[in-house]
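So that the names make sense, note that chain A is the first sequence line, chain B the second, and so on, each numbered from 1.
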Number of protein chains: 2
Amino acid sequence: MCARKSKKFKLTPAMEDYIEAIGIIKQEQGVARVRDIGNFLHVKPSSVHSALSNLSKKGFVIHERYEFVDLTPEGEKAAKDVIKRHNILLSFLTMVLGIDRSVANRDACLMEHSLSGETVQKLMKFIEFAQNCPGQEEPEWLHRFKHYYQTGELRDCRKRAGK
Amino acid sequence: MCARKSKKFKLTPAMEDYIEAIGIIKQEQGVARVRDIGNFLHVKPSSVHSALSNLSKKGFVIHERYEFVDLTPEGEKAAKDVIKRHNILLSFLTMVLGIDRSVANRDACLMEHSLSGETVQKLMKFIEFAQNCPGQEEPEWLHRFKHYYQTGELRDCRKRAGK
DNA sequence: TCTAAATGTTAGATTCGTCTAAGATTATTA
DNA sequence: TAATAATCTTAGACGAATCTAACATTTAGA
């Protein structure tokens, strides 16, 4: 339990952040520049540069001197994957737990690198479950949770029918 | 969104891991030695040593040459805090999402360093809510989620009474 | 067009967390 | 108790991720 040294991830959290940033910036602005990435991640252009040359060697980004930054197909795939993890966490934190969006975003940014595939899957299903209960804006159990959170009071959690 | 460089944490994830390990080992075996900590975290004794001298300078651990390792009151507090975050995540992953314990533990180890106070609070309440629904081993909504997860089928999520 | 501002790159330093290898100390046991 | 085993410490190296400061290139405006 709690071993240090990940092994599991080919990409470090930092590298995932760069790839994610490039994906988001490209999506928002069409192209990504060194400066944009630096602003997005709050690091200096020189840091971006060294990260990019690393990711370039590893085959995730394309970056010619003084040019725009782009993702390779593998980079695109990685970006989509991190962004998905981020959004799943964000949805859970805001929709289910009712956490403030900015706090939720910060937490999601940090946690998005640590989720196993299994957890991503199940969390996604859980959010779907919370969203898809038909015929209402919010399912009853979630409403009850919010009530419990605010008042500390557990209202009728009646036994389920079968079993 | 997604700024690198935490600023927020006085303790790095690595340092939190060391403190947590010491707390757990002390709790299980009475005393913690360099070697135990190294085994626990899968790092070499020399790494433990340098971490300890760092934590010692910062006032979280007490460590005299060739002696057992101990936590200062501040270290105890920090250990309790991380362990709590770990356990909350573990409970959520296993009990609510139904994730395999070993996977859940691995995820919890990585995520435990990234939870804001607000998220810890709400997640704890959520688990209490799932546990404390009276008169049953598992609340109905959780049962429904598991059904949904296994079959993809949403059973009657009836409208809640009021509102 | 040519110069100033913006942007990008390079070199070199720093911090963190790890390692290996060698030596020091403590514990065990023959 | 003396040799051996286990444990701990030190020294030095390395990779990752960042920074600052100086320099190069591109872009845009006068």
Side-chain angles (χ1 to χ4, degrees), chain A residues 2-22 25-26 29-58 60-70 78 82 109-110 113-114, chain B residues 2-22 25-26 29-58 60-70 82 109-110 112-114:
Chain A
C2 283
R4 293 206 52 74
K5 283 185 312 187
S6 30
K7 287 177 169 192
K8 193 63 174 294
F9 301 114
K10 7 171 178 189
L11 252 31
T12 61
M15 292 303 119
E16 278 193 351
D17 280 338
Y18 282 102
I19 287 176
E20 181 185 18
I22 297 165
I25 292 165
K26 265 189 63 186
Q29 319 188 348
V31 294
R33 291 170 308 164
V34 169
R35 179 143 296 249
D36 299 328
I37 301 167
N39 288 339
F40 191 92
L41 296 174
H42 299 122
V43 296
K44 300 296 174 198
S46 57
S47 306
V48 177
H49 186 83
S50 79
L52 290 180
S53 64
N54 182 11
L55 286 171
S56 202
K57 263 194 309 208
K58 294 210 168 84
F60 291 94
V61 315
I62 297 162
H63 184 217
E64 305 288 326
R65 289 173 106 254
Y66 298 105
E67 306 273 304
F68 292 135
V69 179
D70 210 342
V82 194
C109 285
L110 296 171
H113 309 292
S114 320
Chain B
C2 284
R4 294 206 52 75
K5 283 183 311 186
S6 28
K7 286 177 170 190
K8 192 62 174 295
F9 301 114
K10 8 173 179 186
L11 251 31
T12 61
M15 293 303 119
E16 278 193 351
D17 280 337
Y18 281 102
I19 288 176
E20 181 184 20
I22 297 165
I25 292 164
K26 267 189 64 188
Q29 320 188 348
V31 294
R33 291 170 308 163
V34 169
R35 178 143 297 248
D36 300 329
I37 301 167
N39 289 339
F40 192 92
L41 297 176
H42 300 121
V43 296
K44 302 293 172 200
S46 57
S47 305
V48 177
H49 185 81
S50 79
L52 289 179
S53 64
N54 181 12
L55 287 170
S56 202
K57 264 193 309 206
K58 294 209 167 85
F60 291 94
V61 315
I62 297 160
H63 185 218
E64 304 287 325
R65 287 173 108 254
Y66 298 104
E67 306 272 304
F68 292 135
V69 179
D70 211 342
V82 194
C109 285
L110 296 171
E112 70 195 14
H113 309 293
S114 321

From [options], pick the nucleotide closest to the side chain of [X]?
| X | options | value |
| --- | --- | --- |
| B:V34 | D:dT25, D:dT7, D:dT9 | D:dT9 |
| B:Y66 | C:dC19, D:dA17, D:dT9 | D:dT9 |
| A:T12 | C:dC19, D:dA16, C:dG17 | D:dA16 |
| A:P45 | D:dA16, D:dT18, C:dT9 | C:dT9 |

Taking atom [atom2] of [N] as reference, at what distance in whole Å does atom [atom1] of [X] sit?
| X | N | atom1 | atom2 | value |
| --- | --- | --- | --- | --- |
| B:E67 | C:dA24 | CD | P | 20 Å |
| B:K57 | C:dC16 | NZ | P | 8 Å |
| A:L52 | D:dA16 | CG | C1' | 15 Å |
| B:N54 | C:dT14 | CG | C1' | 15 Å |
| B:L41 | C:dG17 | CG | C1' | 12 Å |
| B:K44 | D:dA6 | NZ | P | 16 Å |
| B:H63 | C:dT25 | NE2 | C1' | 12 Å |
| A:R33 | C:dA5 | CZ | P | 18 Å |

Does [X] have a side-chain nitrogen or oxygen under 4.0 Å from the phosphate oxygens OP1 or OP2 of [N]?
| X | N | answer |
| --- | --- | --- |
| A:S47 | D:dC19 | yes |
| B:H49 | D:dT9 | yes |
| A:S50 | D:dT18 | no |

Check whether any side-chain heavy atom of [X] sits under 4.5 Å from a side-chain heavy atom of [Y], and report yes or no.
| X | Y | answer |
| --- | --- | --- |
| B:E67 | B:I62 | no |
| B:N54 | B:M15 | yes |
| A:K26 | A:D70 | yes |

query: Would you say the base of D:dT18 and the side-chain of A:S46 have a donor-acceptor pair closer than 3.5 Å?
result: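 Per atom types, no contact qualifies.
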
query: In terms of the nearest nucleotide of DNA chain D, which residue is placed more toward the 5' end: A:M15 or A:R65?
result: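 Between the two, 5'-proximity favours A:M15.
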
message: Quick one: does any side-chain atom of B:D36 pair with a main-chain N or O of B:R33 as donor and acceptor, under 3.5 Å?
response: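 Checking the backbone N and O of B:R33 against the side chain of B:D36, a donor-acceptor pair under 3.5 Å is found.
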
message: For a quick check of understanding: with a heavy-atom distance under 4.0 Å over all strands, which category does A:Y18 fall into, base, sugar-phosphate or nothing?
response: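 Since only primed, P, OP1 and OP2 atoms lie under 4.0 Å of A:Y18, the category is sugar-phosphate.
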
